[in-house]
There are 2 protein chains.
Amino acid sequence: MLLSTKSTTERILDAAIELVSEKGYAAATTKSIAELAGVNEVTIFRHFGNKRGILKAIIEKFSYGPILQKTIQLEVSYELQDDLLLFSKEYLRYMLSIKDFVLIGFREAGSFPEIDEEIANVPRAIKEELMKYFTEMQRRGKIIDMDVEPISMSFIAINFGHFISAARLGNNVTAIDLAELLQTSVTIFSRGITP
Amino acid sequence: MLLSTKSTTERILDAAIELVSEKGYAAATTKSIAELAGVNEVTIFRHFGNKRGILKAIIEKFSYGPILQKTIQLEVSYELQDDLLLFSKEYLRYMLSIKDFVLIGFREAGSFPEIDEEIANVPRAIKEELMKYFTEMQRRGKIIDMDVEPISMSFIAINFGHFISAARLGNNVTAIDLAELLQTSVTIFSRGITP
DNA sequence: ATAGGATGCAAGTACACACTTACATTCAGT
DNA sequence: ACTGAATGTAAGTGTGTACTTGCATCCTAT
């Protein structure tokens, strides 16, 4: 059995993530998951008890670690445009790394409220971090005097919008590549909050 | 049978839209759709042939009519901030009216490529409209000299971000109401592209 | 060399689902 | 009052699914 070096549990999880994000929970049958994982169907039940157990394990696997904050805090320069661009890029990198999970979240949130919770944690944490940053920038007189919460939410919205657009619509709407779009957004946004 | 004045077909479609957007296509059984519609299950097959036929009908029902453009074109004043705010509000109003369809799109796009097509039409058409507007504003010297396509995409991203955030995360992230967020976004964006 | 744990394999159960058929009932238009 | 179309009712078929059981096989650690 040299399918890969990954453990059986991991292979099952990977397969489930792929199938559930592609076709949805209901359509991702245990049989198909087992097949893709290169594992016997019963093995799934021995590992996770029942089908729902797989989703639970997926949620735990993706539970939010504060990866983003650390990167940001270390590299902030208090040059508005540089910082926002860094932020946008880090955000997109992170979101793409959990893309499958986000897509699963969109599909299955109704049936799995735990996912909603977990997904909402991401913007919430990021909002806090951004608000701190903008507050400090205000103290330094580098951005306009305005409630920092809606500013933060707007900046998140723009980045989230670009992410979803890239993840779901691809090149169907515009041929411009994402890096350029981020650059433009950041330029506009920076000008918009510069005194 | 005075359940409502709507035709049987419409009642079935409404029920299907509700259930599919809530629980997904696979989990929305013909039985449950019939029950919610107050209709016998066989009636569904007599009207739509098979289950997939229901989804096809839903897609046709929501196919994009250029509602947005007309409203916009009539009310444009070439005052940047006023126009952008009008635009944001109209966009949100329209998106909320097709919210269920958008959510279905997120769930079922993989299995129903037709939906992807239909959904991508919306931002594409809106982008065209926005680009025209921004080009005219450049001609009038009221916004900065910059490629209008990424400007348009960025503005769409911000509005789309707010919409998804409202539709899926609700008040989990911020208590600020959407109207205020739109106002802030528009203010920032307007300043950002004003010469 | 052997024991124990993880996995495979084969078969099966119970159930829900999409979909069909045949017949009865309602109801609007003539 | 009669007809015909739309709908309801009842019963069923076939298939796929989640999940179980019993036993064989492999691998690893002692």
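Values below: all heavy atoms of this structure, side chains included; hydrogens, waters and symmetry mates excluded. Lettering of chains follows the sequences in order, A, B, ..., and the numbering in each one begins at 1.
Contacts between residues 17-30 of chain A and DNA chain D, defined by a heavy-atom separation under 4.0 Å, are made by A:T29, A:T30.
Protein atom CD1 of A:I12 is 12 Å distant from nucleotide atom C1' of C:dA6, rounded to whole Å. Rounding to whole angstrom units, CZ of residue A:F45 and C1' of D:dA18 are separated by 5 Å. If you take CG of B:L55 and C1' of C:dA18, they are 15 Å apart, rounded to a whole angstrom. Rounded to whole Å, the distance from CD on A:E35 to C1' on D:dA18 is 16 Å. The distance from atom CD1 of A:I44 to atom P of D:dT20 is 13 Å, rounded to the nearest whole Å. Protein atom CD1 of B:I33 is 11 Å distant from nucleotide atom P of C:dC19, rounded to whole Å. In this structure, the NZ atom of A:K31 is 16 Å from the P atom of C:dG8, given to the nearest Å. One atom, NZ of B:K51, and another, P of C:dC19, lie 8 Å apart when rounded to the nearest Å.
In terms of phosphate contacts, A:H47 brings no side-chain nitrogen or oxygen within less than 4.0 Å of OP1 or OP2 of C:dA6.
In this structure, B:F87 and B:F155 have tilted ring planes: the angle between them lies in the 30° to 60° band.
Counting non-hydrogen atoms of neighbouring residues, nucleotides and ligands closer than 6.0 angstrom, the NZ atom of A:K89 reaches no more than 12 such neighbours. In this structure, B:K61 places its NZ atom where more than 12 heavy-atom neighbours from other residues, nucleotides or ligands lie under 6.0 Å away.
A donor-acceptor pair under 3.5 Å links the side-chain atoms of A:K51 to the main chain of A:Y25, judged by distance alone. Not a single donor-acceptor pair under 3.5 Å links the side chain of B:E108 to the backbone N or O of B:A26. For A:Q183 (side chain) and A:L85 (main-chain N/O), no donor-acceptor pair under 3.5 Å exists by modelled atom type. Using modelled atom types, one side-chain atom of A:R191 and one backbone atom of B:T194 make a donor-acceptor pair closer than 3.5 Å.
Distance check, rounded to the nearest 0.5 Å: CD1 of B:I193 to CE of B:M146 gives 9.0 Å.
In the helix from C:dA1-D:dT30 to C:dT30-D:dA1, the rotation axis of the first five pairs and that of the last five pairs differ in direction by 20°, rounded to 10 degrees.
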Test side chain to side chain donor-acceptor pair (under 3.5 Å) applied to B:H47 and B:T8, step by step:
CA-CA 9 Å; B:H47 277 253; B:T8 305; 4.9 Å; no

Salt bridge (charged side-chain N to carboxylate O under 4.0 Å, His left out), that's the test. Do A:K142 and A:E79 meet it? Break it down for me.
CA-CA 9 Å; A:K142 291 194 162 183; A:E79 282 300 319; 3.5 Å; yes

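Residue A:F101 forms a ring-ring contact (aromatic ring centres under 6.0 Å, His included) with just one option from A:F106, A:F62, A:Y94, A:F112, and that option is A:F62.
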Dump every N/O contact between nucleotides 9-14 of chain D and the protein below 3.5 Å, one line per pair.
none

